[in-house]
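Heads up, the thing below is written out as structure tokens.
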2 protein chains.
Amino acid sequence: MNQQEAEQILKEKHIQATRQRITILEYFLEHKVHPGIEEVYEALADRPEKISKATVYNTVNLFEKHGLLKALDVGEAYCHYDVDMDRHGHFHCVHCGKIWNIPYDPEVEKNLPPGFEVLDEQVLVKGLCPECASENSERLS
Amino acid sequence: MNQQEAEQILKEKHIQATRQRITILEYFLEHKVHPGIEEVYEALADRPEKISKATVYNTVNLFEKHGLLKALDVGEAYCHYDVDMDRHGHFHCVHCGKIWNIPYDPEVEKNLPPGFEVLDEQVLVKGLCPECASENSERLS
DNA sequence: GTGTCTGCAAACGATTTGCAAATTA
DNA sequence: TAATTTGCAAATCGTTTGCAGACAC
């Protein structure tokens, strides 16, 4: 089902729908929780249609250029990617490393001096997720 | 003047005030507009007290750990650093690469589900600065 | 004097790239 | 068949690290 959806999306964007590109986009559609390159590569390694890491990199860059994905850099060594293009921010737990989507109000642009043209905005909050926060307070008590 | 200020700050933070650390912190205090490692290194290369790039890296990491600086990743290959620890966001011009400080209202936390503990937040807007935006519209007309 | 910091060069790790073989239309 | 894409391995580049000598206290 996602296979066909992925192929359809690629055709709409006028991106040649190769086996590898369909598989990678399908993976992103099924795993919207911000995978990294390594994660995509590992996940697809055991499939019959083997995909090299260079292809994962090139494909993800291509997708980003066409607006199918957004890079999400939380300060780790590598980058995460996000297929969800709706406006939302991210919460990054500095303890367990998990990333959550969070809502935020559209107020950034109203504070911008005139003349600036907005193309994209990112809101990133770092801290402790509920689980890690409670672990932490237990340790202290 | 900044020399003494830098030394003072280091002592307050209980960081051993070496010649290199004072020089690097002094540079950041004089250049708050988000320098990168390379920029700091190049700027201090002609000074009598030569500073290796490894030391710039180690020192900046040390400063960050002690809360003197914040890393600012706008998606370029390398990182920028910001000594201004007051709450503010950044505007990154994707055309000329310049970075501006911008204000934003504190509304992120109120949208956060309960249990999340905030340590830091970053607001990054990408787009065209007034200069590049007008250049761009001229080209189109 | 003793422990910490610096500089150098080598190591590292994520990402990109050149090119021949494979795949797509 | 012609043009594009893939896979591999090598290259790239920002950053980290090991270690001997230099410096701070």
Side-chain angles (χ1 to χ4, degrees), chain A residues 3 6-8 10-27 34-42 44-66 68-81 97, chain B residues 3-4 6-27 34-42 44-66 68-81 97:
Chain A
Q3 172 103 13
E7 199 167 346
Q8 185 59 33
L10 291 176
K11 278 181 182 158
E12 279 168 14
K13 293 274 180 178
H14 305 291
I15 301 170
Q16 195 173 115
T18 66
R19 205 161 31 87
Q20 291 86 336
R21 289 174 180 171
I22 294 168
T23 307
I24 293 172
L25 181 52
E26 192 189 354
Y27 182 84
H34 325 102
I37 298 287
E38 187 69 26
E39 195 177 332
V40 176
Y41 174 71
E42 294 283 350
L44 304 178
D46 28 328
R47 294 213 185 176
E49 68 277 28
K50 294 241 172 90
I51 296 177
S52 79
K53 201 177 280 189
T55 299
V56 179
Y57 273 106
N58 291 332
T59 303
V60 164
N61 285 344
L62 183 78
F63 286 177
E64 201 185 352
K65 206 173 298 168
H66 285 266
L68 257 65
L69 293 175
K70 261 192 199 176
L72 165 56
D73 196 317
V74 296
E76 286 174 318
Y78 60 94
C79 225
H80 297 258
Y81 293 90
Chain B
Q3 172 104 13
Q4 270 110 58
E7 200 167 347
Q8 185 59 32
I9 291 172
L10 292 176
K11 278 181 181 158
E12 279 168 15
K13 292 272 180 180
H14 305 293
I15 301 170
Q16 196 173 115
T18 67
R19 205 161 30 86
Q20 291 85 336
R21 288 174 180 171
I22 294 168
T23 307
I24 293 171
L25 182 51
E26 192 188 355
Y27 183 84
H34 325 100
I37 297 286
E38 188 67 29
E39 196 177 330
V40 176
Y41 173 71
E42 295 283 350
L44 303 178
D46 27 328
R47 294 214 185 174
E49 69 277 28
K50 293 240 171 93
I51 296 177
S52 78
K53 201 177 281 189
T55 298
V56 179
Y57 273 105
N58 291 333
T59 303
V60 164
N61 286 345
L62 184 76
F63 286 176
E64 201 185 352
K65 206 173 297 168
H66 285 266
L68 255 67
L69 293 175
K70 261 193 197 177
L72 165 57
D73 196 317
V74 296
E76 285 175 320
Y78 60 94
C79 226
H80 297 258
Y81 292 90

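Here is the naming used below: chain letters follow the sequence lines, and residue numbers restart at 1 for every chain. What you see is a predicted model; the values in this text were computed from it and never measured.
Applying the side-chain hydrogen bond (donor to acceptor under 3.5 Å, both in side chains) test between B:Thr23 and each of B:Arg47, B:Gln3, B:Glu49 identifies B:Glu49 as the sole match.
At whole-Å resolution of the value, OH in A:Tyr41 and C1' in D:dT6 are 13 Å apart. Note: CG (B:Leu44) to C1' (C:dG7) measures 15 Å, nearest angstrom. As a whole-Å value, the separation of B:Gln20 CD from D:dA22 C1' is 10 Å. Across the protein-nucleic acid pair, B:Ile37 atom CD1 and D:dT16 atom C1' stand 12 Å apart, rounded to whole Å. Atom P of nucleotide C:dG13 and atom CD of A:Glu76 are separated by 15 Å, given to the nearest angstrom. When the P atom of D:dG14 is taken as reference, atom CG of B:Leu72 falls 17 Å away, rounded to whole Å. Atom pair A:Leu10:CG and C:dT24:P shows a separation of 13 Å (rounding to whole Å applied). Look at CD1 on A:Ile24: it is 11 Å from C1' on D:dT6, rounded to the nearest Å.
Residue B:Asn58 is in base contact, counting any heavy-atom pair closer than 4.0 Å across all strands shown.
Residue whose closest nucleotide on DNA chain C sits further toward the 5' end, between B:Arg21 and A:Glu38: B:Arg21. Nearer to the 5' terminus of DNA chain D, by closest-nucleotide assignment, is the contact made by B:Asn61 (compared with the other of B:Asn61 and B:Arg19).
With salt bridges taken as basic N to acidic carboxylate O contacts below 4.0 Å, one links B:Glu38 and B:Lys53.
A heavy atom lying under 4.0 Å from DNA chain D marks the following residues of residues 46-57 of chain B, by number: B:Ala54, B:Tyr57.
B:Arg21 places no side-chain N or O within 3.5 Å of a backbone atom of B:Leu10 that could act as its donor or acceptor partner. A donor-acceptor pair under 3.5 Å is formed between the side chain of A:Thr59 and the backbone N or O of A:Thr55.
Side-chain atoms of A:Leu72 and A:Tyr81, non-hydrogen and from C-beta on, never get closer than 4.5 Å to each other. No side-chain heavy atom of A:Glu39 sits less than 4.5 Å from a side-chain heavy atom of A:Tyr78. Between A:Tyr41 and A:Ile51 the shortest side-chain heavy-atom distance does not fall below 4.5 Å.
Dashed line: the shortest gap from a side-chain N or O of A:Gln16 to OP1 or OP2 of D:dA3 is not under 4.0 Å.
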